[in-house]
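Here's the structure we're looking at; comments come further down.
Below, read A as the first sequence line, B as the second, and so on, with proteins coming before strands; counting in each chain starts at 1. Keep in mind the model is a prediction, meaning the values are calculated, not measured.
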There are 2 protein chains.
Amino acid sequence: MPGVCTGGPQGRPGRTGKAMKGKSASPQSESPQSASPQPASPQPGRSPSGGARKHAASLATVARDAGVSVATVSRIVNGKIGRASAETIARVEEAIARLSYRPNSVGRALRHRASRVVAMLAPNLDNPAMAAIAVSVESALRDAGYVMILCDTHDRAELQDDYLRAMRDQLVAGYVMVSAVRSKGLEETLKRGDPTVFVARRNPLGGGAYVGIDNRQAGADVADFLLGCGIERPAVLMAQQNASSTSERAAGFIERLVARGVPNDAIRRAIGPGLSHIEIGYAAAGMLVREGGWPRGALCVSDMIAYGAYRLAVEHGVPIPQRCRLVGVDGNAINAWIAPWLTSIRIPYESFGGHVVAQLQSLWSGVSTSEVHVAHEAPSAWSNPGAPARPATGAG
Amino acid sequence: MPGVCTGGPQGRPGRTGKAMKGKSASPQSESPQSASPQPASPQPGRSPSGGARKHAASLATVARDAGVSVATVSRIVNGKIGRASAETIARVEEAIARLSYRPNSVGRALRHRASRVVAMLAPNLDNPAMAAIAVSVESALRDAGYVMILCDTHDRAELQDDYLRAMRDQLVAGYVMVSAVRSKGLEETLKRGDPTVFVARRNPLGGGAYVGIDNRQAGADVADFLLGCGIERPAVLMAQQNASSTSERAAGFIERLVARGVPNDAIRRAIGPGLSHIEIGYAAAGMLVREGGWPRGALCVSDMIAYGAYRLAVEHGVPIPQRCRLVGVDGNAINAWIAPWLTSIRIPYESFGGHVVAQLQSLWSGVSTSEVHVAHEAPSAWSNPGAPARPATGAG
DNA sequence: ACAACCCAGGCAAACGTTTGCCTTAGTGGC
DNA sequence: GCCACTAAGGCAAACGTTTGCCTGGGTTGT
């Protein structure tokens with residue numbers, strides 16, 4: 001009931017929404033031989049205004065109007081000139097304009113056995129980093145004349161496979177797999193040689209086109225940063241699920257710490273369970289603190305994990321970053337506005353789209369592709385450590 | 001150069017990324033009669049492994065294998081039984097399994113003149129609220145057997161029109177317009193009677209199916225909340241661009257304040273320029289403060305605007321919410337983790353998908369639709385006003 | 001005068017489905 | 001024996017493109 005002026009504590013924030021009804025009905029084409037024949041299929045001709053709806057103009061319409069054959073119109077539309085006289089071209093173009101003809105992508109796709117649609121499969125778009133990738137890829141695809149089908153896999157292998165199959169049925173031109181998980185369907189897709197680009201997390205089956213940062217290096221950079229801040233025993237907060245990307249960050253971090261003389265068993269590792277990184281961060285921080293109090297600094301292998309840890313710190317009244325410097329990885333744009341306490345390695349997600357499309361185009365033209373490592377930025381926070389403007393500590 | 005242990009202030013956070021090269025090349029089908037014939041179209045048969053690739057099985061393949069006609073296979077696949085004997089069905093299903101046949105969506109779409117794809121057009125997915133809507137709609141569509149093409153319109157009318165056209169060429173089954181802007185193409189789409197659902201912002205041309213909250217009521221609720229907190233002269237931070245949704249919130253807010261005895265000219269309104277709500281919030285707060293100092297409380301017509309205002313408060317050393325209570329609208333999930341200072345009206349975006357799909361199905365079956373008003377929640381923050389756990393103010 | 005070309009464009013076969021209509025058998029009723 | 005009916009399934013025409021091949025006329029070369 002809206003209107004009440006209360007709004008007390010809601011308990012710990014739980015579900016990120018999305019009840020995920022366990023139906024697991026495969027999207028598109030509810031598995032052949034199923035008995036349910038597309039319920040309530042969109043009746044194209046039906047309209048409340050009744051009567052025979054005018055269909056959009058097709059090649060045939062234009063051809064008739066211009067007094068030529070469909071072949072000629074098709075060639076003109078596709079710029080295959082040299083096959084038509086100037087007058088014919090003019091006549092056809094006039095007809096096209098008059099009928100406001102636009103080529104039908106579905107017909108094209110059928111003929112070409114490939115559409116101008118690219119599928120992007122990603123886990124939880126709730127993560128701002130994922131959203132940033134989606135935005136970037138979408139825009140780059142658009143500039144290249146493609147559109148994007150977005151599939152939220154929730155990091156679940158079966159769902160990923162459902163989508164892979166459904167996308168194949170769509171004759172998509174390629175796949176963009178963001179943080180893909182290992183699965184049977186993925187294996188098949190790759191074996192078939194379908195154009196596939198992995199983003200942010202390497203192909204769990206090895207090989208393949210990849211766009212991402214050098215995660216090991218990023219981890220090492222954080223180690224250098226924390227040591228450089230005078231924090232001699234930093235910890236690391238990570239996820240249980242060993243996704244190549246984040247575990248590489250942790251590995252690079254530890255490696256560098258050890259290389260710089262920190263005893264291996266002095267590096268406290270907290271591994272949070274679950275799926276949502278934000279809850280992982282909360283849980284991992286809790287474990288860490290229970291076992292030995294707050295560290296003076298920590299690598300959080302993703303910004304979301306840092307958010308979770310921050311929440312615990314706030315609950316405990318531990319000021320961040322003064323008593324514990326958290327360093328995340330991602331550099332979400334929102335940090336600059338509402339998370340000034342967070343130091344983060346910024347990943348330039350806004351440039352990923354261009355690289356992804358370039359990789360796809362390589363695959364389409366048969367060129368073999370290699371991994372693309374985008375440069376990440378140095379650890380940075382909104383304000384310098386110890387600089388004047390600090391959040392919400394000023395005179396109150 | 002990664003590795004440096006500095007990371008000073010980056011200046012005010014600026015661009016939300018996305019350089020938007022002004023190309024404005026229409027996605028898909030670069031406008032007929034254009035001379036550029038699909039550069040580097042995906043060569044379907046080409047594979048580095050060379051040789052004739054095996055195409056996926058089609059109805060014809062299955063028919064041949066089972067020794068029946070394609071018509072029979074089609075009918076069986078679609079569950080139109082009663083036309084085939086039990087043995088035939090068994091034989092065909094066996095063939096389907098053996099060849100792992102899956103119906104080709106493109107062929108279907110061509111035949112039906114409508115695909116099982118729904119287009120969602122939204123401005124900037126950077127906004128967590130938009131992302132939440134996208135997640136919800138995607139999931140609901142999937143459960144209904146559809147997939148979603150996502151189009152980022154950047155709130156620009158021409159881009160919206162480009163996409164609307166491109167989506168029509170795709171024979172999409174329907175349109176989900178999130179915060180649509182008025183445009184010529186939208187007008188045509190509606191005139192054509194294409195199934196269209198508006199989300200979060202009403203149809204700028206009036207009428208049509210809608211899913212969203214009662215924005216006026218939400219504004220009034222915030223007014224009640226702030227007055228109830230003893231804040232007698234609250235302000236409002238809003239955007240210049242008069243989107244129906246946010247301006248209705250502001251209107252409802254002011255209306256209620258006036259109704260409860262606040263003199264109209266005592267209500268300070270700050271109207272920020274620009275497109276990104278977060279920068280609008282920053283700018284609006286700046287204007288407000290310059291003109292008369294910080295208010296004791298304010299409605300921010302969206303959470304993003306509150307984020308922007310918060311940044312200014314941090315810069316000025318003004319503690320939020322102690323000295324100025326900000327109340328946003330959206331209730332982004334992230335608030336509970338890293339924005340405990342924010343009170344917000346939560347909009348249950350995770351339930352929008354279901355309503356949107358229901359609206360679409362109504363449209364598809366020719367039933368006339370009405371607006372769906374989802375109930376928003378009461379203003380709430382993570383912690384009670386003045387409750388013990390306050391962020392980062394504890395003993396340092 | 002004839003071969004060799006080129007130009008402009010049409011024919012028709014795909015691509016994978018769906019579906020109205022037809023045919024062929026079989027069955028029951030009279 | 002004939003009619004009516006049903007069950008089982010095939011034929012072929014769409015849906016909108018693309019493209020290899022063909023044709024008919026014109027030009028050029030010798």
Nucleotide D/dG20, atom P - distance to NE2 of A/His112 in whole Å: 11 Å
Rounded distance (Å) that lies between atom P of D/dG16 and atom CZ of B/Arg168: 12 Å
Between A/Arg108 and A/Asn78, a side-chain donor and acceptor under 3.5 Å: yes
A/Asp161 and A/Ser183 side chains, donor-acceptor separation under 3.5 Å: yes
N/O donor-acceptor pair under 3.5 Å between B/Gln359 side chain and B/Val211 backbone: no
Phosphate OP1/OP2 of D/dG16: any A/Arg102 side-chain N/O under 4.0 Å: no
Spacing between A/Ile81 atom CD1 and D/dT19 atom P, to the nearest angstrom: 16 Å
Distance in angstrom units between A/Leu171 CG and D/dT17 P, rounded: 17 Å
Touch class at under 4.0 angstrom, heavy-atom based, for B/Ser74 against every strand present: base
Distance in angstrom units between B/Lys80 NZ and D/dA7 P, rounded: 17 Å
Donor-acceptor pair, side chain of A/Ser362 and main chain of A/Ala358, under 3.5 angstrom: yes
Considering all heavy atoms, the nearest A/Val62-A/Val73 contact: CG1-CG1, 3.7 Å
Interatomic distance, A/His55 NE2 vs D/dA14 C1' [rounded to whole Å]: 11 Å
Heavy-atom protein contacts under 4.0 Å, nucleotides 6-12 of chain C, coded B base, S sugar-phosphate only, - none: --SBBB-
Between C1' of D/dT17 and CG of A/Asn104, the distance in whole Å: 8 Å
Main-chain N/O of B/Lys80 paired to B/Arg75 side chain as donor or acceptor, under 3.5 Å: no
